[in-house]
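Remember, predicted model here, so these are calculated numbers, not experimental data. Computed over heavy atoms, backbone and side chain alike; hydrogens, waters and symmetry mates excluded. So that the names make sense, note that chain A is the first sequence line, chain B the second, and so on, each numbered from 1.
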Amino acid sequence: MGFRTADFPTSDFPLKTFRLKTYLCPTMPEKKVRVRFAPSPTGGLHLGGVRTVLFNYLFAKQHGGDFVLRIEDTDQTRYVEGAEKYINDCLAWCGLIPDESPAKGGQYAPYRQTERKPIYREYAERLVAQGHAYYAFDTPEELDAKRKEIPNFQYGHAHRSTLRNSLSLPLSEVETLLHNGTPHVIRIKMPENETVSFTDMIRGHVSFDTAQVDDKVLLKADGMPTYHLAVVVDDYLMKITHAFRGEEWLPSAPVHLLLWEYLGWKADMPQWAHLPLILKPDGHGKLSKRDGARLGFPVFAMNWYDAKNDELTPGFRELGFLPGAFVNLLAMLGWNDGTDQEIFTLDELVEKFSIDRVSKAGAKFDFEKAKWYNAEWIKRSPAESLKVKVAEVLTANGITINKEAYLLKIIDMVKDRCIMVADFYQQAGYFFRAPLEYDVNSVKPKWTDVKTDFFIELKEVFSNTDTFEPAELEAKFKALAEAKGLKIGDVMLPFRIMLVGGKFGPHVFDIAALLGEAETLKRIDLALAVFTA
RNA sequence: GGCCCGUUCGUCUAGGGGUUAGGACAGGAGAUUUUCAUUCUUCAAACAGGGGUUCGAUUCCCCUACGGGCUACCA
C-alpha cells in the first residue's frame with residue numbers, strides 16, 4: 001500500500017543516485033514540470049519566501065516547466081489588503097515571473113483559493129463518505145478546555161471517541177446536528193498505527209508514525225479548507241509535479257501524503273522538497289521581521305507598509321540592493337554549485353541549479369555577506385545598467401542631471417566604492433553640486449596663510465592650463481607646492497575637501513578634470529572663504 | 001513533554017574512509033593608493049562528544065549532547 005513502510009529502498013541504496021532517479025526518471029514518460037509558490041497574503045514577503053520562489057523558479061525553468069503563483073487566502077481573519085499586489089511586485093522586481101497567477105490567469109484558474117471555495121467541500125465530503133474523515137462539532141472553547149484538562153491533548157485516536165463528532169455520536173444525532181446547520185468542521189481520521197514514509201528530494205527517506213499526528217481539520221466551520229486540504233486538492237488539480245516548501249511543513253507531510261492516497265491520486269503526487277530554514281544571525285530560531293528591526297537589516301524584499309499599525313518594514317529593494325544581487329545571495333543560502341564560484345546571474349542559476357546540492361541544515365542569515373554580494377554586483381555592472389537607479393537616487397536628493405555621458409563617466413569612476421545604490425549619493429553627489437558642507441576639522445586646525453596664498457595662486461595656475469587633464473593638473477599643483485615650500489600632502493587633502501567636502505572619492509585630479517576649470521576654480525573660492533573664516 | 005529534521009572555521013560552505021580539511025564573508029597584519037574605497041599579499045580560525053565498523057574515521061553505523069521545526073477551525 002501507498003507510502004507505507006518499506007515502500008522505497010533506503011539504507012543501503014546510494015542516496016544521491018536514488019534521488020536523481022526518483023525525480024527525473026529517464027525511462028518514464030515525463031510529465032511537464034509544474035511547480036507553484038503558494039503564499040498567503042498576510043503581509044510582506046520574507047527572505048525565506050523569496051528563496052522558496054527562487055528554487056521553484058530555477059527548477060521549473062531548468063526543466064522547461066511552468067511556475068505557478070497561487071494565493072492561499074483561506075484564512076480570512078489574516079487577510080491583509082495589498083499583500084497580494086506586494087507579492088506580485090516582489091516577484092517582478094526579482095525577475096521571477098510566474099507563468100500562471102491570479103493576475104495573469106491560466107489554464108487552471110482561478111488561482112486564489114477563496115475563489116475556489118466550492119471545490120474543496122466536495123472532496124472533504126468524499127473523504128467522509130469513504131470513512132477517511134469525519135464531522136466534528138466541538139466548539140473552540142470545548143477544545144481549549146480539553147487542552148487544559150489533558151496534558152499533551154491531541155484530537156486523535158486516543159481522544160476522538162470522547163469528543164463530539166460523527167464517530168462518537170449516534171447517527172441520528174449527527175444527522176440532526178447537520179440538518180440544523182450546527183457549525184462543524186471536517187477532520188481527517190488518522191490511522192492509529194501506520195508508518196507513512198516518502199523520499200524527500202533534499203532529505204532522502206523520511207518517515208512518520210501516524211499515531212503521533214492528530215486529526216487535522218480539513219474543512220473549517222466557515223466552509224473554507226485549511227491548508228492541508230487545499231494544498232493537496234489544488235496541487236492535484238493544477239497538475240503540480242514538484243512541491244517545494246519550507247522545512248516547517250515537514251511534520252504535516254504525513255497528512256498530505258495520506259490525503260493524496262485517500263483521494264485516489266497517489267500516482268500523481270508531486271515530489272516533495274522541504275527546504276532548510278533561514279535562521280536568525282544571532283541567537284536561534286527562524287528569521288523574523290522583528291530580527292531585522294532589532295539587528296538593523298531588512299528581512300522583506302521590498303518596503304512593506306502596514307496600515308493597521310502605521311508601521312513601515314524596510315526592504316532590500318529600497319535599501320539599494322540590486323535584484324540580481326538579492327537573488328544571487330538568496331540562492332547561495334543553502335545551495336552552491338560545488339565550485340568556488342559565488343557570483344551567479346539568474347540565467348546561470350537556471351542553468352546550474354541542482355536540487356541535489358541543496359543543503360539540509362538551516363542557514364543563519366549574514367547581512368555582512370549580503371552587502372558583499374551587492375557591492376560585487378555594483379562593481380561588475382556596466383554604468384549603462386546602473387544609470388537609471390543612480391539617477392533616481394541623485395534626483396531624490398535634489399540633484400539635477402543634464403548630461404547622461406557625464407553621469408556614466410562618474411558611475412564608472414565611483415562604483416567600486418559603493419555597497420548600496422544609495423551610496424552613489426555620497427560618492428557621486430559632489431560631481432553635480434558644490435559640497436554643502438566641509439570636513440573643516442581636517443583642515444582648519446592646520447591652516448596657514450601660506451596655504452591661502454597657495455590656493456589663490458593655484459587658481460591662477462589652473463586658469464592657464466593647456467588641457468585641464470589630470471596629469472597636467474597634478475604636475476602644476478606639485479610644482480606650485482614645491483615653489484611655496486609646502487609638502488604635497490599638506491595641500492592635497494585640503495584641495496580634496498574643497499572639491500568633495502570630505503575625505504573620500506577617487507583621485508583628486510581626476511575629479512578636478514571632470515569638474516572642469518570653471519567649477520574647480522569656483523569651488524576653491526567657495527571653500528577658501530570657509531576655511532579662512 | 002511528544003514527534004520530525006539537522007550538526008565542518010564567528011558566519012555561508014567545499015570535501016569525504018588515508019587531504020597541509022579548500023574557498024568566501026567578517027577579523028588581524030602588511031603592500032599599493034599623499035583621502036577613502038578598490039586591489040594584492042599574508043595571518044588566525046572548524047570536522048559537537050562517546051562508542052562501534054575498519055589496518056585507518058572528519059567521512060559509514062549507533063548513542064548522547066546541542067540546535068531547529070511542528071505540536072490551531074494559521075499558513
Side-chain angles (χ1 to χ4, degrees), chain A residues 11-12 38-42 72-75 77-78 113 136 138-140 143-144 147 151-155 183-187 200 202-204 206-209 211-214 216-228 230-231 245-254 274 276-277 279-282 284-286 329 332-343 357 359-373 375-376 379 414-419 423 427 439 442 478 487-497 500 502-508:
Chain A
S11 54
D12 42 28
S40 66
T42 52
E72 310 230 340
D73 54 353
T74 55
D75 185 354
T77 63
R78 293 209 311 159
Q113 290 181 331
D138 319 87
T139 64
L143 293 176
D144 282 346
R147 289 192 184 96
N152 301 327
F153 171 81
Q154 279 207 142
Y155 205 124
H184 64 277
V185 301
I186 292 181
R187 287 179 181 272
D200 187 278
I202 293 168
R203 275 146 228 287
V206 183
S207 75
F208 301 85
D209 180 353
Q212 303 294 335
V213 185
D214 59 347
K216 296 274 184 237
V217 169
L218 264 21
L219 201 73
K220 300 185 262 189
D222 64 2
M224 279 292 180
T226 59
Y227 172 82
H228 306 296
V231 73
R245 59 181 8 173
E247 193 188 346
E248 71 267 31
W249 289 107
L250 209 41
S252 56
H274 290 90
L277 266 14
L279 277 9
K280 300 176 197 292
D282 62 346
H284 307 288
K286 272 200 285 189
L329 73 93
M332 301 311 286
L333 238 36
W335 176 85
N336 69 82
D337 76 340
T339 73
D340 287 341
Q341 184 176 347
E342 294 193 88
I343 304 297
R357 298 200 60 86
S359 50
K360 300 193 226 305
K364 288 184 186 165
F365 180 68
D366 180 0
F367 189 53
E368 291 305 315
K369 185 93 186 214
K371 287 195 290 193
W372 175 79
Y373 278 105
E376 283 300 308
K379 250 183 284 183
V414 305
K415 68 182 184 182
D416 283 5
R417 345 171 74 88
C418 296
I419 294 173
D423 295 338
Q427 296 295 338
D439 179 359
S442 299
K478 284 184 173 167
K487 279 189 284 182
I488 309 288
D490 289 340
V491 277
M492 194 82 104
L493 184 64
F495 186 40
R496 164 177 297 281
I497 293 175
V500 172
K503 292 194 276 190
F504 58 88
H507 294 289
V508 217

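- Among the protein residues, A/Ser207 comes within range of the sugar-phosphate backbone only, with heavy atoms under 4.0 Å from sugar or phosphate atoms but none that close to a base.
- The distance between atom CG of A/Leu279 and atom P of B/rG6, rounded to the nearest whole Å, is 15 Å.
- Counting non-hydrogen atoms under 4.0 angstrom, A/Leu250 reaches the backbone sugars and phosphates but no base.
- The gap from the C1' atom of B/rU8 to that of B/rG23 amounts to 13 Å, rounded to the nearest Å.
- Among the atoms of the strands shown, none is found under 4.0 Å from any heavy atom of A/Arg245.
- For the pair A/Asn152 and B/rG1, the criterion of a side-chain N or O lying under 4.0 Å from OP1 or OP2 is not met.
- Contacts of A/Asp138 with the nucleic acid, taken as non-hydrogen atoms under 4.0 Å apart, include base atoms.
- Nucleic acid contact class of A/His184 (heavy atoms, under 4.0 Å, all strands): none.
- Taking 4.0 angstrom as the limit, A/Lys286 places a side-chain polar atom (N or O) nearer than this to OP1 or OP2 of B/rC70.
- A/Tyr155 carries A/Arg187 over the face of its six-membered ring, with the cationic atom under 6.0 Å from the centre and within 45° of the normal.
- Of the candidates B/rG68, B/rC74, B/rC73, the closest approach to any side-chain atom of A/Asp75 belongs to B/rC74.
- When all heavy atoms of A/Gly505 and A/Arg417 are compared, the closest pair comes out as O-NH2, 2.8 Å.
- In the set B/rU39, B/rC73, B/rC12, B/rC12 carries the atom at the smallest distance from any side-chain atom of A/Ala363.
- A/Pro506 comes within contact range of at least one nucleobase, with a heavy-atom separation under 4.0 Å.
- Between A/Lys379 and B/rA37, a side-chain N or O to OP1/OP2 separation shorter than 4.0 Å is absent.
- Residue-level contact check: A/Ser359 touches the backbone only, with heavy atoms under 4.0 Å from sugar-phosphate atoms and none from bases.
- A/Val185 comes within contact range of at least one nucleobase, with a heavy-atom separation under 4.0 Å.
- A/Glu248 places its CD atom 8 Å from the C1' atom of B/rG69, with the value rounded to the nearest Å.
- Here A/Thr74 lies in heavy-atom contact (under 4.0 Å) with sugar-phosphate atoms only.
- Rounding to whole angstrom units, NZ of residue A/Lys371 and P of B/rA26 are separated by 9 Å.
- Taking a cutoff of 4.0 Å between a charged side-chain nitrogen and a carboxylate oxygen, A/Arg78 and A/Asp75 qualify as a salt bridge.
- Residue side chain A/Lys369 reaches the base of B/rA24 through a donor-acceptor N/O pair under 3.5 Å, judged by distance alone.
- Across all strands shown, B/rA65 pairs with B/rU7; the Watson-Crick or G-U wobble distances both stay below 3.5 Å.
- The P atoms of B/rA57 and B/rG49 are separated by 14 Å, rounded to the nearest whole Å.
- If you take atom C1' in B/rG28 and the same atom in B/rG10, they sit 14 Å apart, rounded to whole Å.
- Within the nucleic acid shown, A/Lys487 has no heavy atom closer than 4.0 Å to any nucleic acid atom.
- Inter-residue side-chain proximity for A/Ser40 and A/Gln113 is flagged as unmet; no heavy-atom pair is nearer than 4.5 Å.
- We find that NZ of A/Lys216 is positioned 8 Å from P of B/rC73, with the value rounded to whole Å.
- In this structure, of B/rG69, B/rC74, B/rC36, it is B/rC36 that holds the atom nearest to the side chain of A/Phe504.
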